[in-house]
Peer 1: 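Starting off with a structure, shown below.
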Amino acid sequence: MLPPESSPELTLPAFDARVLARRAAVPLAAAVVAVAVLVLAGGPLHAFTDALKRAVDADPRWVLAAVGFEIVSFSGYIALLWLVGERATPRLDLRASAQVTLAGAAVTRLLPTGGAGGVALTLWALRRTGLEPKQATRTLLTFLVLLYAVFLLSIAVAGALIAVGLGGGSGGHIVLAAGASLGATVAMALAVAAALTEPREGGRIARAAGSLGHGVRDAAAFLRQADGRLLGAPIWWAFDAAVLYGMLNAFGAPPAVAVVVLGYFVGMVANTIPLPGAVSGGMVGVLLAFGVEADLALASVLSYRALAIWLPAPVGLAALSGLRKTVARWGAEGELTPASAPAAVAAPARHWTPGREPALNPA
């Protein structure tokens, strides 16, 4: 769900090294205690101790490759945000898109922002460029549709491959894969249906369906333009999933690629559950269901999460400082006039349904 319209008034938190140290020290201390308990306990917790042993024997080549995968993944997110944002306002250029992306990672992972994550920060930045609230929300929704269409398509394809016996697994695995594939396919069908339905006034559900329809139609307009930056969406997901695949290789023998893909994306669905460790638990659960050894699944998923969470953090802190300066510069420049925007940016994208308003720049 998109943040409420009050979200654009978010104030970026000031960097406080003491706050950061406290937030980093608590999970670090908990991890040290947990490791000590697990190593000493053994017995029923042998899977955890075996996972620790695997971590010690990790192949450094795959670990370094996983670091590279995560860097490439973020480049995809930046490219897609640059494409969508720049069509709405020339201020969201490559540099600003990188700052928003990396600052969002830092805000989400490190700083006390009252629960406001990367999506809220992106909406806030779009508003600070001078976009009206509805235009900023619509731009963000278009970006999310392009990004998560790849997410749903990946689940559908990976699940279908496993279900027909081409991606590993058998028996109950096929039922699980088929269910995931069907769920993703239904979600995509509902999104397309919302895009084909004329928007109507009504309650919250009707308004949400209308907004989703706008986002899907605007996303389709981008797809017809075949801009290379559209590859940012599959790059973001593929290379982030490749980090998990790299960790599985670093600690042992990975399962079939389709199993890794399904485990990654179904685990990400668990991100909607407001409980600590939901993503890790979801990924481990799917891998275990497909016969991956418990210690390999635990070591790989926890290492993946460590890379995905903490690798972008230091760069994100620097980007957060840079974004503050960029937003201040936008404020000093005042509102943009149509003449100040390059023609390629100021020109509205063509809508896929004739007779409706421009896709990203409604009058």
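Residue numbers count from 1 along this sequence. All figures in this text were calculated on a predicted structure; none of them were measured in a lab.
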Peer 1: Donor-acceptor pair, Thr137 side chain versus Pro133 backbone, under 3.5 Å?
Peer 2: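 At least one qualifying donor-acceptor pair exists.
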
Peer 1: Between Trp330 and Ala96, what is the shortest heavy-atom contact and its length?
Peer 2: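 Taking every non-hydrogen atom into account, CZ2-CB, 3.9 Å.
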
Peer 1: Please collect all side-chain hydrogen bond (donor to acceptor under 3.5 Å, both in side chains) contacts where either partner lies in residues 247-269, sequence neighbours excluded, each pair once.
Peer 2: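 For residues 247-269, and leaving out neighbouring residues, the side-chain hydrogen bond (donor to acceptor under 3.5 Å, both in side chains) pairs sorted by first residue read Asp240-Tyr264.
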
Peer 1: With the threshold set at 4.0 Å, does a side-chain nitrogen-carboxylate oxygen contact exist between Asp227 and Arg87?
Peer 2: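 Salt bridge between Asp227 and Arg87, a charged N being under 4.0 Å from a carboxylate O: yes.
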
Peer 1: I need the single residue from Phe239, Trp237, Phe143 that forms a ring pair (Phe, Tyr, Trp, His ring centres under 6.0 Å) with Tyr77. Which is it?
Peer 2: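 The option that passes is Phe143.
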
Peer 1: Please give me the minimum heavy-atom distance between Val63 and Met247, naming the atom from each residue.
Peer 2: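 It is CA-CE, 3.7 Å.
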
Peer 1: Report yes if some heavy atom in the side chain of Leu92 is under 4.5 Å from a heavy atom in the side chain of Thr139; otherwise report no.
Peer 2: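 No, too far: nothing below the 4.5 Å cut-off.
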
Peer 1: Which atom names give the shortest non-hydrogen contact between Leu307 and Glu70, and what distance separates them?
Peer 2: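 Shortest heavy-atom separation between Leu307 and Glu70 comes out as O-CG, 4.5 Å.
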
Peer 1: Roughly how far, to the nearest 0.5 Å, is the CZ atom of Arg324 from the CZ atom of Arg329?
Peer 2: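 That separation rounds to 15.5 Å.
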
Peer 1: Hey, quick one: are Phe74 and Ile71 part of the same hydrophobic cluster, counting side-chain heavy atoms closer than 4.5 Å, chains of contacts allowed?
Peer 2: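 Both belong to a single hydrophobic cluster.
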
Peer 1: Can you name the nearest heavy-atom pair linking Gly76 to Ile235, along with the distance?
Peer 2: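 Answer, listing the atom of Gly76 first, then Ile235: CA-CG2, 3.8 Å.
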
Peer 1: Please report the closest heavy-atom contact between Leu248 and Pro255, naming both atoms and the distance.
Peer 2: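 Nearest pair, atom of Leu248 first, then Pro255: CD1-CD, 4.0 Å.
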
Peer 1: Can you list the steps and then say if Trp236 with Val150 is a side-chain contact (heavy atoms from CB on, under 4.5 Å)?
Peer 2: CA-CA 10 Å; Trp236 163 252; Val150 175; over 6 Å; no

Peer 1: Which residues end up grouped with Ile78 if you chain together Ile, Leu, Val, Met, Phe, Trp and Tyr wherever their side-chain heavy atoms are less than 4.5 Å apart?
Peer 2: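 Members besides Ile78, by chain and number: Trp82, Leu94.
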
Peer 1: Quick check on Arg61: does its CZ atom have over 12 non-hydrogen neighbours (other residues, nucleotides or ligands) under 6.0 Å away?
Peer 2: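 Check fails, neighbour count at 12 or below.
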
Peer 1: Before you tell me yes or no, could you show the steps for Leu223 and Leu146 under side-chain contact (heavy atoms from CB on, under 4.5 Å), namely the whole-Å CA-CA distance, both residues' side-chain angles and the distance that decides it to 0.1 Å?
Peer 2: CA-CA 9 Å; Leu223 291 174; Leu146 287 168; 4.2 Å; yes

Peer 1: Could you tell me whether a side-chain N or O of Arg91 sits under 3.5 Å from a main-chain N or O of Thr129, the two making a donor and an acceptor?
Peer 2: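 Such a contact is found between Arg91 side chain and Thr129 backbone.
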
Peer 1: From Thr122 OG1 over to Arg127 CZ, what is the distance, rounded to the nearest 0.5 angstrom?
Peer 2: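 It is 14.5 Å, given to the nearest 0.5 Å.
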
Peer 1: Is there side-chain contact between Thr142 and Phe222, with at least one heavy-atom pair below 4.5 Å?
Peer 2: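 They are in contact (side-chain heavy atoms under 4.5 Å apart), so the answer is yes.
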
Peer 1: Quick one: do Phe251 and Asp295 satisfy side-chain contact (heavy atoms from CB on, under 4.5 Å)? Show the steps, please.
Peer 2: CA-CA 9 Å; Phe251 299 133; Asp295 56 330; over 6 Å; no

Peer 1: Is Val67 linked to Val72 within one hydrophobic cluster, defined over Ile, Leu, Val, Met, Phe, Trp and Tyr using a side-chain heavy-atom separation of less than 4.5 Å?
Peer 2: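 Val67 clusters together with Val72.
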
Peer 1: Would you mind writing out the side-chain donor-acceptor pairs for residues 98-106 within the sub-3.5 Å range, not counting sequence neighbours?
Peer 2:
from	atom 1	to	atom 2	distance (Å)
Gln99	OE1	Thr326	OG1	2.7
Gln99	NE2	Thr326	OG1	3.4
Thr101	OG1	Ser97	O	2.9

Peer 1: Could you tell me the separation between the CZ atom of Arg138 and the CG atom of Leu126, rounded to the nearest 0.5 Å?
Peer 2: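 Atom-to-atom, Arg138:CZ and Leu126:CG are 14.0 Å apart.
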
Peer 1: Please report the closest heavy-atom contact between Tyr304 and Leu244, naming both atoms and the distance.
Peer 2: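 Here Tyr304 and Leu244 meet closest at CD1-N, 3.8 Å.
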
